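First comes the structure, then the notes that go with it.
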Amino acid sequence: MNELRVESYQDAYAALCEPALRQSLYDAGAVIMDSVLLTLHGTAHKARRQLELRVFRREVLREYEREVFPATLQGTLAPFVAAGRADLVDFGYRVTMNLTADFAGIDRPLGTPAETLKLLELVRTFSEGATLVHSTRDHAEVRVEVEAALGQFVDQFLASSMARRRALLDDGVPPERLDVLTVLLANEDRIDLSDEVLVREIGFYLQAGAHSTANSMVHAVDELFGWLARTPAAAEVRKERLRSEPDFLQRCVHESLRLHPASPVAWRTPVKPVTLRDGRRLEPGDRLVIDLARANCDPSVFGEDAATFNPERKINPQRRIRGRKIYPFGLTFGTGVHLCPGRDLDGGIADDNTSPTHMRGIVTMLVEALLSHGARRDPDMPPIRDQTTQRSNWAQYPVLLEPAG
Ligand code: HEM
């Protein structure tokens, strides 16, 4: 097998848009990722994606951001504020677990922290299975754990969530909110979907959104702490800007998202011989590594200081690559047919914040809530990197909090 790599923004963009390249990063994680949306290719992918994208329509996302998520955020943060401290990784997973369960369509009838924690425990195991390619643990052992977690997930959460939605559909009662499970059960497009695939699809949705959102939030807070600490003389002015300019805070989050893509690489394998933008050839069985982290730091697109956190960075708004504008978060949400459907939900829509189409994005909302409670590093407990994966995630990130001023 031949392995090629692309690292420039333009080459990465072109590769992500090449229809003859199929997803291959999750081949090792088939125990949870086989035939889920992210690993499907061609017409099967298009059909499933069209069906599921109904859940990610902008009006649905906007209503969720404005009407549903603030209560989830407040309820999850309150006990941490009362304790005067939080581990950002723990907080991030608890809050985003509820977010992705809402989108996937998993009911939490008790609404208790213990119930969220149970779901979280299962979903952490799914995540380990999905990102097996980057895991430093014994792969066979992880697979056994994922199989067991899938069984528990069906018994404790999925079966009852399916039954409630089936009953509503049978009675012709419209759901209070659209979710992936509902659209898959209604299956208005009559796509091919076995029960086994449905279980993995919902499990995949739960972990895809939770893992990436929680990690993105921790990275954004860490970058902001670093930005404030680097220039102590300007720290108070900068803090005030973060407090009073919500657009600027969103800009900071986008800058952090650019520097910390959820997965540093995407992998693709050709379904037929492919010639890359730079003229190199790939044959079926070869692997193309698309280095998203490096593409996001391409100086020809993001400037000479592309590798540093600089929320003042200017990106030429007129510049287009393959006819598309350049997003301040680069290729962190991917592009092409697998473009992340959670992009606007998590990143928001960075237009004029008085516009009715504006969205702050979940990651910005999380960071804003933490800053409003004076979040600062715990001087006695430094953050710890996650050693169980080659991804640059945090295992623990303790912060101190205060009641809102
Ligand atoms: C900061 C947060 C997030 C990041 C950085 C992120 C990143 C990505 C990336 C890079 C891809 C494409 C991977 C590839 O092309 O190989 C992707 C796909 C996907 N993401 Fe996200 N994601 C985030 C949040 C979410 C959320 C909140 C959800 C759901 C609620 C979600 C659901 C999905 C799904 C379903 C796909 C597969 C799309 C397809 O294959 O058609 N993501 N995400």
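All residue numbers in this chain count up from 1 along the given sequence. Quick caveat, the model's predicted, so the values are computed rather than measured. All ligand and atom numbering here is 1-based and tracks the order in the structure.
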Next on the checklist: To the closest 0.5 Å, what do you measure between OG (Ser135) and NE2 (His139)?
Outcome noted: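 If we round to the nearest 0.5 Å, Ser135:OG and His139:NE2 are 4.5 Å apart.
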Next on the checklist: As an exercise, state the distance from CG of Leu366 to OG1 of Thr213, rounded to the nearest 0.5 Å.
Outcome noted: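 Here the interatomic distance stands at 8.0 Å.
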Checklist entry - So, Glu402 and Arg376, do they make that salt bridge, N to O below 4.0 Å? => result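 A salt bridge links Glu402 with Arg376.
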Checklist entry - Does Leu292 approach ligand 1 within less than 4.0 angstrom via side chain, backbone, both or neither, non-hydrogen atoms only? => result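 It is neither; nothing of Leu292 touches ligand 1.
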Checklist entry - What part of Arg268, side chain, backbone, both or neither, has a heavy atom within less than 4.0 angstrom of ligand 1? => result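 Near ligand 1, Arg268 shows its side chain, while the N, CA, C and O stay back.
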Next on the checklist: Tell me whether Thr332 reaches ligand 1 (any heavy atom closer than 4.0 angstrom to a ligand atom).
Outcome noted: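 Thr332: in contact with ligand 1 (<4.0 Å).
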Checklist entry - Is Phe204 near ligand 1, meaning one of its heavy atoms is under 4.0 Å from it? => result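 Distance cut 4.0 Å: Phe204 passes for ligand 1.
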Backbone or side-chain N or O of [X] under 3.5 Å from ligand 1 N or O:
| X | result |
| --- | --- |
| His45 | yes |
| His338 | yes |
| Thr100 | no |
| Gln23 | yes |

Next on the checklist: Give me the residue, atom name and distance of the protein heavy atom closest to atom 37 (C) of ligand 1.
Outcome noted: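 Ranking protein heavy atoms by distance from atom 37 (C) of ligand 1, first comes Leu38 CD1, 3.8 Å.
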Checklist entry - How many protein atoms of type N/O/S are positioned less than 2.8 Å from atom 21 (Fe) of ligand 1? => result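 Protein N, O or S neighbours of atom 21 (Fe) of ligand 1 under 2.8 Å, waters not counted, come to 1.
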List the atom pairs, donor and acceptor, that lie under 3.5 Å between side-chain atoms in residues 67-83 and the rest of the protein, sequence neighbours left out.
{"from": "Thr76", "atom 1": "OG1", "to": "Thr72", "atom 2": "O", "distance (Å)": "2.6"}

Can you list the ligand 1 atoms lying under 4.0 Å from a non-hydrogen atom of [X]?
| X | answer |
| --- | --- |
| Ser216 | 1 (C) |
| Val337 | 41 (O) |
| Thr213 | 2 (C), 27 (C) |
| Tyr205 | 35 (C) |

Next on the checklist: Please list all pairs meeting ring-ring contact (aromatic ring centres under 6.0 Å, His included) that have one or both residues in residues 284-305, counting only residues at least two apart or in different chains.
Outcome noted: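 Qualifying pairs, neighbours excluded: Tyr9-Phe302.
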Checklist entry - Is the number of heavy atoms from other residues, nucleotides or ligands within 6.0 Å of CZ (Arg324) greater than 12? => result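 No, because the 6.0 Å sphere around CZ of Arg324 holds 12 heavy atoms or fewer from other groups.
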Item to check | Residues, nucleotides or ligands: over 12 heavy atoms within 6.0 Å of Glu240 CD | outcome: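 Yes.
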Checklist entry - Given the side-chain rings of Trp394 and Phe91, with only the six-membered ring counted for Trp, is the space between their centroids under 6.0 Å? => result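 Between Phe91 and Trp394, which both carry aromatic rings, the centre distance is not below 6.0 Å.
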Checklist entry - Are Tyr327 and Phe333 near enough that their ring centres are under 6.0 Å apart? => result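 Ring-ring flag for Tyr327/Phe333: false, centres at least 6.0 Å apart.
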Item to check | Leu206 to Ala104 - nearest heavy-atom pair and separation | outcome: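 Scanning both residues completely, I find the closest heavy atoms to be CD2-CB, 3.9 Å.
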Checklist entry - Testing Tyr26, Phe153, Phe204 for ring-ring contact (aromatic ring centres under 6.0 Å, His included) with Phe126, which one passes? => result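 For Phe126, the ring-ring contact (aromatic ring centres under 6.0 Å, His included) test succeeds with only one of Tyr26, Phe153, Phe204, which is Phe153.
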Next on the checklist: Which residues pass the side chain to side chain contact (heavy atoms under 4.5 Å, CB included) test with Ala148, not counting sequence neighbours?
Outcome noted: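 Result, side chain to side chain contact (heavy atoms under 4.5 Å, CB included) vs Ala148: none returned.
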